[in-house]
Amino acid sequence: MNWREKLIHNRQFIILNKKYTREDFFCLKINEELYLSYQKNLNLKIIDTKLGKAYLIGIAFQVLEDKKNAIEEIKKIESADEIRKCLATLSGRYILIIDSKLYMDFSGSLGVYYGEVESSLVISSSLALIQEIFQLEIKKHITLEKSSLRYFPPPLTIIKEIKKLLCSEILDYRDNKIKIEHRSYKLDFSYLSTEETYKIFIQNFSNLLKNIAKEWQGQLFLPLTGGVDSRTILSFLLKENINFISYVAYHSKGLSISDRRVGKKLSKLYKFKHIYLQKNISNKIEIKKRENEYDEQCYFTSIEEDRYYYSVDIYKKLKKYNKPLILRGNIWEVTIKEDDLVEAMEKFIKNKLENLKISSLNIWQKNVEDNFINLDFGMRYYLEQRLGGWSSCNSQADDLNNIDFFSPINSEYLISLLWNLPIYDGIDNKTNQIEIIRRTKKELLIIPFNKKYKIDFFIRILYILKNKGLKYIITKILKKDFL
């Protein structure tokens, strides 16, 4: 592994018994022995509470109408029970450190790694930062490019002494010793009818977006494709007359006709600005340099389209605006029953394809048994593995872009409401979201979702040939993993 002399570590932090000293890092002493060192671009707020100082890392917004903003609500915390109640009604991508404990957001979208190394605890958002300091032993593993499971499942990592915190866990570092506590992330709304649930969800998701628009001193962006997730958010932005700009981005495998047309069509109908993000770097040497930066930032834990986006500087146009904030559409799938995902995981374990990943999945399954949450197993797998394990790695690498982003639905309160609605099978079954759009801005349903065109297949072939080459296509066909 070739490490550059100085890695970027943009928006990352680390907690140690010593300072991490670098010109672009700041340092705070958080107790008698521990220091919180953080890169200068990281969003961090220090809040005084009855339990001592709290450290809010990232961004958080209030969901409920009858509560104040995130910082004001955190100020009022007086007990551990109040911490959990406070965080349940927040949305965002954040970590809260308070009373010698670390709490993640609902899905763990701002991932945390931890361990005890050289007689000291270590807590960080970055495997690369940990490894730069300690140069720890790497476990034998199959790289993601060659893996049949395209992420590394938590809680284990490829570094021997280091684990990844699950979103069903709280990290307690009292007395400078790490102790992991279980938590539930499902609120009970069983007393509500389906009609009441829809009404309360729409009311509070509307309130959340109004709070974001009010508190964020910058430009809001919506990635608008032909899919249901982005149109669900769009329905609320239009309903509340919130100022935003939508975009669709160049894709290495080609944009579908639906993705190309829907944003343009809707922007003309509803008079909002829609832009196209194209690649801004074509020089192969520069692309390779940026790919290396991406790999180093996430310590080789992400190989998705985000990596390509960074390598060609896809977000360059957004950086011209003041404090861009992207409202992403992921996480909604956690409310859908996905037996196919569970079957794929069980098949992976049965075939014994990669020992280290299987060990980690087995530990996670034991954790599920020990920390019972009344939730469909497939939904829990999606939340703790696909989001907390996979998507959070992509997000941590995306911090290189120095642009803020999160999924507004990333809230225990909001997702628990959706879990109270009828459950449907299949990843593509968005019945509840379509009903929410119907109740919010039903005119948006006139344009079909993800409409398929025969030409889409040929467009994809051409783009893959252009960006990946013929060898890539042949390899994928032979592996029966094409498209």
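Since this is a predicted model, take the numbers as computed values, not measurements.
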Taking atom NZ as the centre, does Lys139 end up with more than 12 heavy-atom neighbours from other residues, nucleotides or ligands that are less than 6.0 angstrom away?
yes
So, Gln62 side chain and Ala70 main chain: donor-acceptor pair closer than 3.5 Å or not?
no
Should Asp295 and Arg307 count as an ion pair when the cut-off is N to O under 4.0 Å?
yes
Taking the side chain from Asn371 and the backbone from His182, do they hold a donor-acceptor pair closer than 3.5 Å?
no
Pairwise distance CG(Leu110) to OG(Ser395) - rounded to 0.5 angstrom
8.0 Å
In terms of heavy-atom contacts, does NZ of Lys19 have more than 12 from other residues, nucleotides or ligands at under 6.0 Å?
no
Any chance the side chains of Tyr310 and Glu293 put a donor and an acceptor closer than 3.5 Å?
yes
Beyond-backbone contact of Ser392 with Leu387, side-chain heavy atoms, under 4.5 angstrom:
no
Is the closest side-chain donor-acceptor distance between Asn204 and Glu65 under 3.5 Å?
no
Is there a donor-acceptor contact under 3.5 Å from the side chain of Ser235 to the main chain of Thr232?
yes
Would you call Glu82 and Lys85 a salt bridge, using N to O less than 4.0 angstrom?
no
Donor-acceptor pair, distance only, cut-off 3.5 Å: does the side chain of Ser91 make one with the backbone of Ser411?
no
Could you check whether any side-chain N or O of Asp259 sits under 3.5 Å from a backbone N or O of Gly226, counting only pairs where one atom can act as donor and the other as acceptor?
yes
Report the relative orientation of the aromatic rings in Phe201 and Phe205; use parallel for angles under 30°, tilted for 30 to 60°, perpendicular for over 60°.
parallel
Between Leu414 and Pro408, which heavy-atom pair has the shortest distance, and what is it?
CD1-O, 3.9 Å
Taking C-beta and beyond as the side chain, do Ser107 and Arg93 meet within less than 4.5 Å on heavy atoms?
no
Any Leu90 side-chain heavy atom under 4.5 Å of Phe106 side chain:
no
Just by modelled atom types, is the Val63 backbone N or O under 3.5 Å from a matching donor or acceptor in the Asn207 side chain?
yes
My understanding is that only one of Glu169, Glu412, Glu384 makes a salt bridge (Lys or Arg N to Asp or Glu O under 4.0 Å) with Arg183; could you say which?
Glu412
Does Lys199 have more than 12 heavy atoms from other residues, nucleotides or ligands lying within 6.0 Å of its NZ?
no
Hey, what do you get for OH (Tyr20) to SG (Cys27), rounding to the nearest 0.5 Å?
12.0 Å
Please give me the minimum heavy-atom distance between Leu417 and Thr197, naming the atom from each residue.
O-CG2, 3.1 Å
Are the side chain of Glu291 and the backbone N or O of Tyr308 linked by a donor-acceptor pair below 3.5 Å?
no
Decide side-chain contact (heavy atoms from CB on, under 4.5 Å) for Ile314 and Tyr247; before the verdict, give the C-alpha distance in whole Å, the side-chain angles of both, and the deciding distance to 0.1 Å.
CA-CA 11 Å; Ile314 210 84; Tyr247 71 83; over 6 Å; no
Got a salt bridge between Glu333 and Arg386, using NZ or NE/NH1/NH2 to carboxylate O under 4.0 Å?
no
Determine, step by step, whether Ile77 and Leu51 satisfy the side-chain contact (heavy atoms from CB on, under 4.5 Å) criterion, reporting the C-alpha distance in whole Å, the side-chain angles of both residues, the deciding distance to 0.1 Å, and the verdict.
CA-CA 7 Å; Ile77 290 173; Leu51 298 178; 3.8 Å; yes
Determine the minimum heavy-atom distance between Pro223 and Ile326, stating which atoms define it.
CG-CG2, 3.7 Å
Interatomic distance, CG@Leu36 vs CD1@Ile97, rounded to 0.5 Å, equals 5.5 Å
For Lys177, is there an ion pair with Asp172 - N to carboxylate O distance below 4.0 angstrom?
no
What's the shortest heavy-atom distance between Gln396 and Ser125, and which atoms?
CG-O, 3.5 Å
Hey, which of Tyr38, Phe13, Tyr35 is the one that makes ring-ring contact (aromatic ring centres under 6.0 Å, His included) with Phe26?
Tyr38
Which class fits the ring pair Phe61 and Phe406: parallel under 30°, tilted 30 to 60°, perpendicular over 60°?
parallel
One pair to check against side-chain contact (heavy atoms from CB on, under 4.5 Å): Lys67 and Thr89. What are the steps and the verdict?
CA-CA 9 Å; Lys67 289 187 177 291; Thr89 67; 3.8 Å; yes
Short side-chain to backbone donor-acceptor contact, Gln39 and Asn41, under 3.5 Å
yes
So, Ser79 versus Asp81: side-chain donor-acceptor pair below 3.5 Å or not?
no
Within-4.5 Å side-chain heavy-atom neighbours: Val122 and Glu161
no
Ser311 side chain to Arg290 backbone, donor-acceptor under 3.5 Å
no
Flag side-chain contact, heavy atom, 4.5 Å: Lys430 against Asp229
yes
May I ask you to check whether Phe152 and Phe300 place their ring centres under 6.0 Å from each other?
no
Answer yes or no: is there a side-chain heavy-atom contact under 4.5 Å between Tyr173 and Asn31?
yes
Quick one: CD1 on Ile30 to OG on Ser37, what's the gap to the nearest 0.5 Å?
9.5 Å
Can you name the nearest heavy-atom pair linking Phe405 to Ile59, along with the distance?
O-CD1, 4.4 Å
Report the residue from Asn401, Asp398, Asp24, Asn402 that forms a side chain to side chain donor-acceptor pair (under 3.5 Å) with Asn10.
Asn402
Counting C-beta onward and ignoring hydrogens, is there a side-chain heavy-atom pair between Leu361 and Gln385 closer than 4.5 Å?
yes
Distance in Å, Asn367 CG paired with Ser360 OG, rounded so as to fall on 0.5 Å steps:
10.5 Å
Can you tell me how far CG of Leu96 sits from CZ of Arg84, rounded to the nearest 0.5 angstrom?
12.5 Å
Do Tyr299 and Ile138 make a side-chain contact, defined as non-hydrogen atoms from C-beta onward lying under 4.5 Å apart?
yes
Salt bridge (Lys or Arg N to Asp or Glu O under 4.0 Å) with Glu72: of Lys68, Lys76, Lys75, only one passes, and it is Lys75
Less than 3.5 Å apart, any donor N or O on the side chain of Tyr294 or Ser302 sitting next to an acceptor on the other?
yes
Centres of the Trp364 and Phe377 rings: under 6.0 Å?
yes
NZ/NE/NH1/NH2 to OD/OE distance under 4.0 Å, Arg11 and Asp404
yes
Go through the steps for His9 and Glu296 under the test side-chain hydrogen bond (donor to acceptor under 3.5 Å, both in side chains), then give the verdict.
CA-CA 8 Å; His9 301 316; Glu296 291 163 357; over 6 Å; no
Considering all heavy atoms of both residues, which atom of Asn330 and which atom of Ser407 are nearest to each other, and what is their separation?
O-OG, 2.7 Å
Does Arg439 count as lying over the ring of Tyr198, i.e. NZ or CZ under 6.0 Å from the six-ring centre, within 45 degrees of the axis?
yes
Taking Ser193's backbone N and O only, do any of them form a donor-acceptor pair with Glu196's side chain (distance below 3.5 Å, no angle check)?
yes
With side-chain contact (heavy atoms from CB on, under 4.5 Å) as the test, would you mind laying out the steps for Ile180 and Tyr114 before giving the verdict?
CA-CA 10 Å; Ile180 301 300; Tyr114 67 93; 3.7 Å; yes
